[in-house]
Trainee: 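To start, I am sharing the structure in question, which I have written as structure tokens.
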Amino acid sequence: MRDIARGWHAAGHSIGLVPTMGALHAGHMSLVDQACRENDKVVVSVFVNPIQFTAGEDLGRYPRSPERDLSLLRAAGVDAVYKPSVADMYPTGASTHVIVHGVADALEGAARPGHFEGVATVVAKLFAATSADRAYFGQKDAQQVAVVKRLASDLDLGVEIRVCPTVREADGLALSSRNAYLNPAERQAAVCLSRALGLAAEAYGRGERDPARLRAILREVIDAEPLAKLDYAEVVDAATFFTPGSLALVAVRIGATRLIDNHDLKLPYPG
Ligand code: AMP
């Protein structure tokens with residue numbers, strides 16, 4: 001991968017990277033399309049990164065669709081698909097991890113200890129392997145965006161982090177590889193995440209700024225759904241994930257499936 005990337009840079013081409021864990025859907029493909037518009041060469045990495053899963057999570061049953069992924073990426077016209085094995089990425093003796101403090105500590109970081117350490121480590125390795133000039137991440141994983149921006153800036157990685165809007169189903173549910181776990185009743189219930197964010201955005205639009213009141217709106221909608229169990233509902237600053245701001249986030253368990261979603265309340269809610 002590095003040899004190919006060096007060749008591209010030597011020829012004066014810019015390189016865009018789209019990191020994924022495969023099981024590709026229209027959300028991933030929106031990142032790929034933007035990368036193709038903004039770069040001469042586009043690499044999509046497909047790697048189910050074991051070190052970002054915490055104990056008891058769904059690593060073993062994480063959805064995989066390798067042939068379908070490749071045909072989607074071929075049709076999109078990407079220049080390379082980087083698919084390292086676990087042993088390629090973490091050979092025996094590998095013992096360096098990247099830890100981002102502060103922004104990675106709360107919410108997903110608290111609920112999934114070690115998750116962002118795994119993300120920051122693999123992302124730093126993918127940036128190094130691909131020599132990417134730009135890397136594309138989804139707003140769907142807002143805290144991941146904040147962590148990766150911090151990482152790129154703090155370690156002077158020279159990669160521009162590009163953030164792409166969340167792609168949603170017609171009823172508002174954010175596309176996610178994990179939606180495949182939902183049975184029909186759970187799938188219906190899952191709309192409560194986007195509904196909660198929509199109602200909070202409406203309240204914000206009417207002038208509501210009290211974080212406790214906005215959190216209560218999020219919580220009330222999730223609590224009203226019998227199949228949903230709230231993990232957290234927060235409104236924070238999108239860069240620090242700790243100081244007050246306008247980014248509303250929810251994490252919800254629907255049966256055995258954990259779903260996350262977010263929306264910047266300053267923006268009109270789509271739909
Ligand atoms: P994943 O394969 O789940 O690790 O996701 C790879 C990238 O796709 C991440 O940057 C995600 O934020 C992004 N992504 C996942 N779902 C969506 C979505 N519904 N809309 C936009 N981007 C997404």
Side-chain angles (χ1 to χ4, degrees), residues 16-36 38 42-54 57-59 61-66 68-70 72-73 76 78 81-84 89 107-108 112 115-116 118-127 130 132 134-152 159-182 187 190-191 193-194 197 238 241 247 249-251 257-264 267 269-271:
L17 166 69
V18 183
T20 81
M21 298 205 299
L24 301 181
H25 52 63
H28 298 113
M29 298 314 290
S30 74
L31 274 58
V32 171
D33 289 344
Q34 188 168 336
C36 289
E38 296 181 353
V42 171
V43 182
V44 177
S45 61
V46 177
F47 181 62
V48 181
N49 177 33
I51 68 168
Q52 73 183 67
F53 288 75
T54 58
E57 284 190 345
D58 54 345
L59 173 61
R61 64 187 188 107
Y62 194 80
R64 290 167 206 248
S65 51
R68 187 169 171 278
D69 291 353
L70 277 184
L72 284 170
L73 295 173
V78 310
V81 177
Y82 180 44
K83 264 188 94 170
M89 290 300 256
L107 305 184
E108 287 304 282
R112 308 178 67 191
H115 170 66
F116 285 127
V119 169
T121 301
V122 80
V123 165
K125 287 171 67 72
L126 292 169
F127 287 178
T130 61
R134 299 185 191 85
Y136 294 78
F137 292 87
Q139 173 63 28
K140 158 81 169 40
D141 297 283
Q143 196 173 5
Q144 172 170 278
V145 165
V147 168
V148 169
K149 281 185 172 172
R150 201 67 263 165
L151 161 76
V159 185
E160 183 188 345
I161 307 304
R162 306 283 289 147
V163 184
C164 307
T166 301
V167 177
R168 299 177 178 281
E169 302 278 8
D171 66 358
L173 177 66
L175 297 192
S176 164
S177 307
R178 290 189 168 101
N179 292 350
Y181 297 147
L182 302 170
R187 168 64 188 82
V191 79
L193 285 87
S194 54
L197 294 165
F241 267 79
L247 183 66
L249 305 106
V250 287
T257 305
R258 187 169 179 282
L259 300 177
I260 58 172
D261 199 355
N262 69 85
H263 180 68
D264 184 343
L267 306 175
Y269 193 73

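All heavy atoms count here, side chains included; hydrogens, waters and symmetry mates do not. Remember, it's 1-based here, ligands and their atoms both numbered in the order they're listed.
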Trainee: Report yes if some N/O of Asp141 lies less than 3.5 Å from some N/O of ligand 1; otherwise report no.
Mentor: yes
Trainee: Would you indicate whether the side-chain heavy atoms of Ile161 and Arg134 approach each other to under 4.5 Å?
Mentor: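 Arg134 does not reach Ile161 side chain to side chain.
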Trainee: For ligand 1, which is the ligand I care about here, please tell me if Leu175 has any N or O atom under 3.5 Å from one of the ligand's N or O atoms.
Mentor: yes
Trainee: Any atom of ligand 1 sitting under 4.0 Å from a heavy atom of Pro19?
Mentor: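 Pro19 counts as a contact of ligand 1 under the 4.0 Å cut-off.
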Trainee: Should Asp58 and Tyr181 count as side-chain neighbours, where that means a heavy-atom distance under 4.5 Å?
Mentor: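 With C-beta onward as the side chain, the pair touches.
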Trainee: Should Ala23 be listed as contacting ligand 1, given a heavy-atom distance under 4.0 Å as the test?
Mentor: no
Trainee: Any side-chain to backbone donor/acceptor pair from Asp171 onto Leu173? Under 3.5 Å, distance only.
Mentor: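 It does hold such a pair.
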Trainee: Between Gln139, Gln144, Met21, which one has a non-hydrogen atom sitting closest to atom 9 (C) of ligand 1?
Mentor: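 Heavy atom nearest to atom 9 (C) of ligand 1 belongs to Gln144.
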Trainee: So do Lys125 and Pro84 actually touch side chain to side chain, heavy atoms under 4.5 Å?
Mentor: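 No, side chains not in contact.
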Trainee: Within the 4.5 Å heavy-atom criterion, are Phe241 and Leu249 side-chain neighbours or not?
Mentor: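 A side-chain contact under 4.5 Å exists here.
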Trainee: What is the distance from atom CG of Leu151 to atom OG1 of Thr121, rounded to the nearest 0.5 Å?
Mentor: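 Rounded to the nearest 0.5 Å, the CG-OG1 separation comes out at 8.5 Å.
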Trainee: Enumerate the atoms of ligand 1 whose separation from the nearest heavy atom of Phe137 is less than 4.0 angstrom.
Mentor: 10 (O)
Trainee: Which protein non-hydrogen atom lies closest to atom 1 (P) of ligand 1, naming both residue and atom, and how far is it?
Mentor: His28 NE2, 3.6 Å
Trainee: Atom CD in Glu160, atom NZ in Lys149: separation rounded to 0.5 Å?
Mentor: 10.0 Å
Trainee: Show which atoms of ligand 1 fall inside a sub-4.0 Å distance from at least one heavy-atom site of Leu31.
Mentor: 7 (C), 8 (O), 10 (O), 13 (C), 22 (N)
Trainee: Under a 4.0 angstrom heavy-atom cut-off, which atoms of ligand 1 come close to Pro165?
Mentor: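 Those atoms are 20 (N), 21 (C).
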Trainee: I need the nearest protein heavy-atom contact for atom 10 (O) of ligand 1: residue, atom name and distance, please.
Mentor: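 It is Gly138 N, 2.9 Å.
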Trainee: With respect to Cys164, determine whether any N or O atom, backbone or side chain, lies less than 3.5 Å from an N or O atom of ligand 1.
Mentor: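 No.
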Trainee: Would you find more than 12 non-hydrogen atoms of other residues, nucleotides or ligands less than 6.0 Å from Arg64 atom CZ?
Mentor: yes
Trainee: What residue and heavy atom of the protein are closest to atom 20 (N) of ligand 1, and at what distance?
Mentor: Val167 N, 2.9 Å
Trainee: Does His25 reach ligand 1, in the sense of a heavy atom lying below 4.0 Å from it?
Mentor: yes
Trainee: Heavy-atom distance under 4.5 Å between the side chains of Arg168 and Ser194, does that happen here?
Mentor: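 Answer yes - side chains close enough.
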